[in-house]
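Okay, so here's the structure we're looking at.
Indexing begins at 1, ligand by ligand and atom by atom, following the structure's order.
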Amino acid sequence: MAYQHAFVDGSSCDLPAGKVVCVGRNYAEHAKELNNPIPSEPILFIKPSTSLVDMTQSFSLPVGHGCIHFETELALLIGKPLTRADEQAAAEAIVGVGLALDMTLRDLQSALKEKGQPWEKAKAFDGSCPVSAFVKPDKVGALTELPLRLTVNGEIRQDGSSSQMLNPIVQLISHISQWFTLQPGDIVLTGTPAGVGEAKSGDELLVELPGHLAVNTRII
Ligand code: ZN
């Protein structure tokens, strides 16, 4: 079934599934765990709409391309066009707060990085962006203090907060819009906290925005 944005409260969402603009190394501890320097400005990349799948359904992963990592990230659904937007306009354009997994072919990404080539094949493949339903922003409290957590087979693997972001959500969206127009239905991913690891077939994942959203899913 084709992916369609949804709200947790069941209200309808007729925004089209658009592109997903992502940021690399937005949490210092995650940059360190992969031995990457902390960037002086956001490292941006894009996943196409064909990368989106519904996180509440079991999802499959590509085989034969080496190790695949999960990266748990806060996801913002954009509801208004943003071109070179200031922070206030960026804040007003957010219509949903959700969770996403930035699935990454880590071995392939390392090989591409070494050759100085773009990451797309490692990050933007079909199904590389499982995403949850979205909570209305007025229900989640301050965007600068949102917790996020990933539990794999009963063990907490990632446990972070948007307060640890190098580029906070609203500033990040404003920055992205200086380069790429964001359209209604686009999603912004905000980087992953420390604790990324290998995703394996059969893994049971619990992805949480504690207090607001909990998604149980399975890799097949
Ligand atoms: Zn990521």
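S163 places no side-chain N or O within donor-acceptor distance of the main-chain N or O of T144, the cut-off being under 3.5 Å. With H5 contributing its side chain and P16 its backbone, the two residues share a donor-acceptor pair below 3.5 Å.
Hydrophobic clustering, with ILVMFWY side chains joined whenever heavy atoms are under 4.5 angstrom apart, keeps L52 apart from V215.
If you look at E73 and ask which of its N, O or S atoms sits nearest the Zn ion (ligand 1), the answer is OE2. Of all N/O/S atoms in D102, OD2 sits nearest the Zn ion (ligand 1). When distances from the Zn ion (ligand 1) to the N, O or S atoms of E71 are compared, OE1 comes out shortest.
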Dump the intermediate steps for side-chain hydrogen bond (donor to acceptor under 3.5 Å, both in side chains) on Q158 and T72, then the final yes or no.
CA-CA 7 Å; Q158 294 196 271; T72 308; 2.9 Å; yes
